[in-house]
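These notes concern the structure reproduced below.
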Amino acid sequence: MRWKEQLLKLKPYQPGKSIGEVKRQYGLSEIVKLASNENPFGSSEKVRNEIAGYAGKFSVYPDGYATELRTALAEYLEVKEEQIILGNGSDEIIQMIARALLSPQTRTVMAAPTFPQYKHNGIIEGCEITEIPLVDGAHDLDGMAAAIDEKTSVVWLCSPNNPTGIHITEEELTAFMARVPEDVLVVLDEAYFEYVDAEDFHDSMRLLQQYKNLIILRTFSKIYGLASFRVGYGIAHEDTIRALEPAREPFNVNTLAQAAAIAALGDQKFIEECRRENREGLQQFYDFCDHAGLKFYPSQGNFILIDFNRDGQEVFQFLLERGYIVRSGTALGFPTSIRVTVGSKEQNEGVIGIIKEFLNVDTAISK
């Protein structure tokens with residue numbers, strides 16, 4: 001087979017351990033998963049009612065244009081329907097963009113560390129990849145702007161950034177967009193947008209009116225609690241969406257996913273409650289880390305990156321064996337850290353308690 005050479009050296013996405021796998025491996029009956037930034041409160045009751053009552057024909061293909069969902073999103077966002085593209089998660093839209101714009105003749109620019117699928121898809125398309133290191137967990141936008149050259153076709157921004165949770169401010173993004181050439185697409189990944197409460201967070205929807213080379217990515221997988229349905233969307237100038245649409249697979253958002261997303265969008269009270277719970281949960285971690293002397297990044301997402309100043313894999317394993325699945329920083333570019341999804345108050349107290357056990361054991365060994 002004449003595989004692309006880069007594929008032979010590229011590892012597939014490595015998901016975290018499943019709950020069932022951890023139960024079997026360590027003989028545990030109860031597992032708390034805080035690894036994938038899922039919503040610990042699930043999804044809106046409206047979603048469950050919609051799916052439970054669904055009586056459609058499963059032998060019929062989905063609406064390939066996702067008309068009702070597209071209309072609902074356009075009304076909610078106050079944009080034209082032609083400014084929206086739907087994906088099987090925002091991951092698929094990242095793949096569409098890479099397929100449409102990246103090649104061995106082009107370059108792409110991104111922060112590092114950040115969401116790994118930007119680089120992953122760039123490697124598959126064989127383009128040159130320029131990574132600009134984060135500064136204190138934040139995008140170095142000056143460095144990224146300076147890295148753009150005549151070969152650059154896509155720049156990736158993640159705000160709040162995964163895995164640090166640091167956001168790009170309004171002032172920073174406005175200044176950055178002014179420096180980007182009109183023929184370079186800026187992808188602004190806002191997967192955690194609904195969790196943000198920073199007063200200086202960027203108004204990307206406003207910038208859409210000014211820049212045709214900006215596309216915003218959002219998802220129903222995080223605060224909306226629909227990760228298993230895989231629904232993401234992009235918002236951009238209609239010319240950008242029109243050019244990108246041919247790269248979208250037909251019928252890429254299934255019928256139940258479309259129905260679930262419409263129901264979820266219609267319950268903003270649930271979203272507000274989850275946002276409030278998340279801020280309270282983050283404060284639990286902040287207070288603990290301050291007391292324990294652990295460094296962390298203040299987060300605008302539903303996760304926190306905690307630095308233990310030692311191999312993060314050891315911390316990960318200690319928690320895993322005691323029924324808490326988190327994300328080791330080793331795979332995220334922060335080898336001395338772990339990333340923990342903010343859970344319910346009780347889940348947060350539980351994982352913090354186990355971390356305290358680890359710190360006590362570690363202190364005893366050091367002595």
Side-chain angles (χ1 to χ4, degrees), residues 61-103 106 108-110 117-118 121 125 148 152-159 168 170 173-191 193-194 201-221 224 230-255 257-259 261-262 264-266 268:
Y61 282 109
D63 173 4
Y65 193 65
T67 306
E68 292 185 16
L69 175 55
R70 190 181 300 265
T71 299
L73 277 170
E75 291 177 354
Y76 177 72
L77 298 168
E78 298 182 347
V79 298
K80 299 177 183 177
E81 293 182 17
E82 294 79 12
Q83 289 183 260
I84 295 173
I85 190 167
L86 277 299
N88 183 32
S90 55
D91 294 274
E92 190 192 22
I93 304 177
I94 292 168
Q95 186 180 59
M96 292 179 207
I97 292 167
R99 188 177 183 187
L101 288 170
L102 299 181
S103 72
T106 66
T108 188
V109 177
M110 65 196 68
Q117 289 304 105
Y118 313 145
N121 282 282
E125 300 304 331
I148 297 172
T152 305
S153 58
V154 180
V155 177
W156 308 89
L157 305 178
C158 187
S159 180
I168 297 172
E170 170 78 5
L173 183 59
T174 300
F176 177 77
M177 289 302 302
R179 296 178 63 182
V180 179
E182 293 181 357
D183 61 348
V184 175
L185 182 67
V186 176
V187 183
L188 181 57
D189 189 343
E190 295 183 345
F193 167 78
E194 291 84 3
F201 190 71
H202 50 76
D203 184 355
S204 53
M205 297 300 293
R206 178 188 63 80
L207 289 173
L208 267 186
Q209 301 172 22
Q210 185 176 353
Y211 295 100
K212 294 178 66 173
N213 61 328
L214 175 66
I215 183 169
I216 302 163
L217 304 187
R218 292 182 183 172
T219 182
F220 283 91
S221 294
Y224 285 99
R230 311 302 296 123
V231 187
Y233 59 98
I235 320 151
H237 189 278
E238 51 201 290
D239 291 346
T240 301
I241 298 299
R242 188 180 302 113
L244 189 57
E245 273 285 351
R248 181 177 64 83
E249 294 292 332
F251 312 113
N252 62 327
V253 181
N254 72 72
T255 300
Q258 293 181 34
I262 293 169
L265 191 66
Q268 290 302 310

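Note that the structure is a prediction, hence the values are computed from the model and not measured. Just so it is clear, the values below take in all heavy atoms, side chains as well, and ignore hydrogens, waters and symmetry mates.
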Where is the tightest heavy-atom contact between Pro62 and Val253, given as atom of each residue plus distance? CB-O, 3.5 Å

Salt bridge (Lys or Arg N to Asp or Glu O under 4.0 Å) filter on Asp239, not counting sequence neighbours, yields Lys212, Arg242

Side-chain touch Leu157/Phe176, heavy atoms, less than 4.5 angstrom: yes

Does any donor atom in the side chain of Glu92 or Asn252 lie under 3.5 Å from an acceptor atom in the other side chain? yes

Inspect the surroundings of CD in Gln268 and state if more than 12 heavy atoms from other residues, nucleotides or ligands are less than 6.0 Å away. yes

For Gly234 and Ile93, work out which heavy atoms get closest and say how close. N-CD1, 3.5 Å

Working to the nearest 0.5 angstrom, can you tell me the gap between Thr152 OG1 and Leu101 CG? 12.0 Å

Are any non-hydrogen side-chain atoms of Val231 and Leu69 less than 4.5 angstrom apart? yes

Residue pair Gln210 / Leu207, side-chain heavy-atom distance below 4.5 Å: yes

Euclidean distance, Arg218 CZ relative to Leu73 CG, rounded to 0.5 Å: 10.0 Å

Using modelled atom types only, decide if a donor and an acceptor are shared between the side chain of Ser90 and the backbone of Gly232 within a distance under 3.5 Å. no

Starting at CE of Met177, measure out to OG of Ser204 and round the result to the nearest 0.5 Å. 10.5 Å

Do Val187 and Ile94 have side-chain heavy atoms sitting under 4.5 Å apart? no

According to ring-ring contact (aromatic ring centres under 6.0 Å, His included), who are the partners of Phe220, at least two apart in sequence or on a separate chain? Tyr224, Tyr233

Identify the two heavy atoms, one from Glu194 and one from Ala191, that lie closest to each other, and give their separation to 0.1 Å. OE1-O, 4.1 Å

Quick one: list whatever passes side chain to side chain donor-acceptor pair (under 3.5 Å) with Arg206, sequence neighbours left out. Glu170, Thr174

Name the orientation class of the two ring planes belonging to Trp156 and Tyr118 (parallel below 30°, tilted from 30 to 60°, perpendicular beyond 60°). parallel

Whether the side chain of Asn121 engages the backbone of Arg99 through a donor-acceptor N/O pair (distance < 3.5 Å, no angle test) should be reported. no

Intermediate values then yes/no, side chain to side chain contact (heavy atoms under 4.5 Å, CB included), Arg179 and Ile148: CA-CA 9 Å; Arg179 296 178 63 182; Ile148 297 172; over 6 Å; no

Side chain to side chain contact (heavy atoms under 4.5 Å, CB included) between Glu68 and Asp63, intermediate numbers included: CA-CA 9 Å; Glu68 292 185 16; Asp63 173 4; 5.7 Å; no

Taking only residues two or more places apart in sequence, or in another chain, which ones meet Ser221 in a side chain to side chain donor-acceptor pair (under 3.5 Å)? Thr219, Arg230

Report the distance from atom CG of Leu208 to atom CD1 of Ile215, rounding to the nearest 0.5 Å. 9.0 Å

CD1 (Ile84) and CD (Glu245) are apart, to the nearest 0.5 Å, by 11.0 Å

Locate the shortest heavy-atom distance separating Leu102 from Thr106; write the atom from each residue and the value. CA-OG1, 3.4 Å

For Ser159 and Ile168, indicate whether the former's side chain and the latter's backbone hold a donor-acceptor pair under 3.5 Å. yes

Report the distance from atom CD of Glu190 to atom NE2 of His202, rounding to the nearest 0.5 Å. 5.0 Å

Pairing residues for Tyr76 by the ring-ring contact (aromatic ring centres under 6.0 Å, His included) criterion, not counting sequence neighbours: none

Could you note down all residue pairs passing salt bridge (Lys or Arg N to Asp or Glu O under 4.0 Å) where residues 72-83 supplies at least one of them, sequence neighbours left out? Lys80-Glu238

So which atom in Ile85 and which in Met96 form the shortest heavy-atom distance, rounded to 0.1 Å? CD1-SD, 3.8 Å

